[in-house]
Peer 1: 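Here it is, the structure in full.
Quick note on labels: first sequence line is chain A, next is B, and so on, each numbered from 1.
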Number of protein chains: 2
Amino acid sequence: MSTPHAILIALLEKPSSGYDLARRFDRAIGYFWRATHQQIYRELGRMVETGWVAVVDDDADATRRKVYRVLRAGRNEVARWVRETPLGVDDRNAFLLKLRADAAIGPLGVGGELVRLIGEHRARLNTYREIEQRDFSGRASTDARQLQYAILRAGIMQEQMWLDWAREVAPLLGVRADR
Amino acid sequence: MSTPHAILIALLEKPSSGYDLARRFDRAIGYFWRATHQQIYRELGRMVETGWVAVVDDDADATRRKVYRVLRAGRNEVARWVRETPLGVDDRNAFLLKLRADAAIGPLGVGGELVRLIGEHRARLNTYREIEQRDFSGRASTDARQLQYAILRAGIMQEQMWLDWAREVAPLLGVRADR
DNA sequence: CAAAACATGTAAGTAGTTACATGATTAT
DNA sequence: ATAATCATGTAACTACTTACATGTTTTG
């Protein structure tokens with residue numbers, strides 16, 4: 001959804017070369033956001049053009065290694081993206097990305113969005129529960145039917161988990177998860 | 001990851017027109033797998049070429065509406081894909097897709113893959129727990145640090161949830177979630 | 001000195017998104 | 001009749017993936 005912003009935020013946390021970024025996107029970051037080295041180099045090139053990042057003139061070390069840092073315009077762009085890009089319930093990872101941005105250059109007012117998302121997740125959970133009541137409340141079930149129920153259970157458990165998590169996070173963002 | 005297979009499986013569950021599929025992918029199916037009508041029509045066209053699906057000659061009803069059904073080759077392709085395409089821990093939705101295929105034309109032996117995935121999810125959960133111990137066991141935390149911990153918590157809770165779910169599903173697939 | 005890891009890129013192909021386009025049927 | 005919904009498609013653009021390509025530095 002937003003590879004350039006993922007890269008900007010990673011660079012805000014620590015200025016890096018394309019190669020370093022590729023490694024970071026394979027380890028810690030990669031657990032929730034992926035990018036190949038081709039994507040990274042392409043985006044870095046574009047963002048230099050745009051003026052969001054610049055190569056740190058590695059004074060002494062005149063090797064071929066290029067370390068990038070985020071410029072003021074890039075920082076502003078991250079803040080703008082966090083504030084003005086509404087996410088949906090399916091953009092879990094993008095929301096975590098916003099939290100990382102908030103940790104790096106915050107506060108950026110992510111609390112409001114968390115509250116909205118809690119509402120949307122609750123609505124979806126209710127939808128799932130209604131389907132559960134309607135289609136899976138009876139007794140005897142065929143194998144196929146039990147599998148279909150398992151798929152729905154995955155959705156239900158996922159929403160419950162997200163809401164549990166949101167309840168933990170809300171106070172950190174200065175909002176209430178009310179009820 | 002595999003739009004054509006998602007469409008084939010939806011068609012196995014119920015022969016439909018492109019328009020119907022688009023609606024189904026917006027409702028129930030859309031909660032875990034998305035496809036726009038352009039993708040759907042394009043894939044349907046391709047799959048007719050390949051011989052995986054065919055238009056049901058809507059005898060009487062000679063309107064412009066085209067209902068597609070899955071041919072034997074398409075069915076075989078689904079079975080092949082389910083059996084021969086190993087998924088990673090991040091392909092949650094693709095695994096649910098396999099369960100739907102198994103419910104529709106199973107059994108396809110998905111149990112083995114579930115067992116493998118349980119192992120991989122446990123490994124990832126352990127990695128997260130180690131990071132937790134190493135980086136977040138101390139007391140006093142800054143705001144930024146607490147947010148970083150919240151991101152890690154999301155990962156931990158997600159893995160725990162998946163493992164809980166897998167424990168429910170295992171018996172349906174004839175395998176044990178052992179321990 | 002050879003292999004592994006470092007480091008950055010181009011090119012081609014595939015998939016996905018967004019915008020445009022058209023016409024038929026159904027309901028008000 | 002006119003608006004909404006049904007129904008199917010093309011075209012252009014953007015993003016992503018996979019393969020190719022090249023040279024450097026470090027380590028055994």
Peer 1: Who passes salt bridge (charged side-chain N to carboxylate O under 4.0 Å, His left out) against Asp135(A), sequence neighbours left out?
Peer 2: none

Peer 1: Between the opening five pairs and the closing five pairs of the helix from dC1(C)-dG28(D) to dT28(C)-dA1(D), how far apart are the helix axes, to 10°?
Peer 2: 30°

Peer 1: Over how many whole Å does the gap from Arg65(A) atom CZ to dT8(C) atom P extend?
Peer 2: 7 Å

Peer 1: Filter on side chain to side chain donor-acceptor pair (under 3.5 Å), then keep only pairs touching residues 106-116 of chain A, sequence neighbours left out; what's left?
Peer 2: Lys98(A)-Glu113(A), Glu113(A)-Arg116(A), Arg116(A)-Glu120(A)

Peer 1: For DNA chain D, determine which residues of residues 31-47 of chain B have any heavy atom closer than 4.0 angstrom to one of its atoms, and list them numerically.
Peer 2: His37(B), Gln38(B), Tyr41(B)

Peer 1: When Ile, Leu, Val, Met, Phe, Trp and Tyr are grouped by side-chain heavy atoms lying under 4.5 Å apart, directly or through other members, which residues fall in the same group as Tyr19(A)?
Peer 2: Tyr41(A)

Peer 1: Taking the side chain as every heavy atom from C-beta outward, state whether Arg134(B) and Ile131(B) have any pair of such atoms under 4.5 Å apart.
Peer 2: yes

Peer 1: How are the rings of Trp165(A) and Phe95(A) set to each other: parallel, tilted or perpendicular (split at 30° and 60°)?
Peer 2: perpendicular

Peer 1: Taking only residues two or more places apart in sequence, or in another chain, which ones meet Arg124(B) in a side chain to side chain donor-acceptor pair (under 3.5 Å)?
Peer 2: Asp90(B)

Peer 1: Going by number, which of residues 4-19 of chain A have a non-hydrogen atom under 4.0 Å from DNA chain C?
Peer 2: Ser17(A), Gly18(A), Tyr19(A)

Peer 1: Once side chain to side chain donor-acceptor pair (under 3.5 Å) is applied, do any residues pair with His37(A), and if so which ones, sequence neighbours excluded?
Peer 2: none

Peer 1: Tell me, please, which residues at least two apart from Ser17(B) pass side chain to side chain donor-acceptor pair (under 3.5 Å).
Peer 2: Asp20(B), Arg65(B)

Peer 1: Identify, with sequence neighbours excluded, every residue that meets ring-ring contact (aromatic ring centres under 6.0 Å, His included) alongside Tyr31(A).
Peer 2: Tyr128(B)

Peer 1: Does anything in residues 78-97 of chain B come within less than 4.0 Å of DNA chain C? Heavy atoms only, and list the residues if so.
Peer 2: none

Peer 1: With a 4.0 Å cutoff (strictly under), does any side-chain N or O of Thr3(A) reach OP1 or OP2 of dC16(D)?
Peer 2: yes

Peer 1: List in chain and number order the residues that pass side-chain contact (heavy atoms from CB on, under 4.5 Å) with Ser137(A), two or more places apart in sequence or in another chain; answer none if no residue qualifies.
Peer 2: none

Peer 1: Between Arg92(A) and Glu159(A), is there a side-chain N and carboxylate O pair less than 4.0 Å apart?
Peer 2: yes

Peer 1: When you compare the side chains of Arg145(A) and Gln148(A), does any donor N or O come within less than 3.5 Å of an acceptor on the partner?
Peer 2: yes

Peer 1: Following the transitive rule for hydrophobic clusters with a side-chain heavy-atom cut-off under 4.5 Å over Ile, Leu, Val, Met, Phe, Trp and Tyr, establish whether Leu12(A) and Val48(A) coincide in one cluster.
Peer 2: yes

Peer 1: For Asp20(A) and dC6(C), give me the distance from atom CG to atom P, rounded to whole Å.
Peer 2: 9 Å

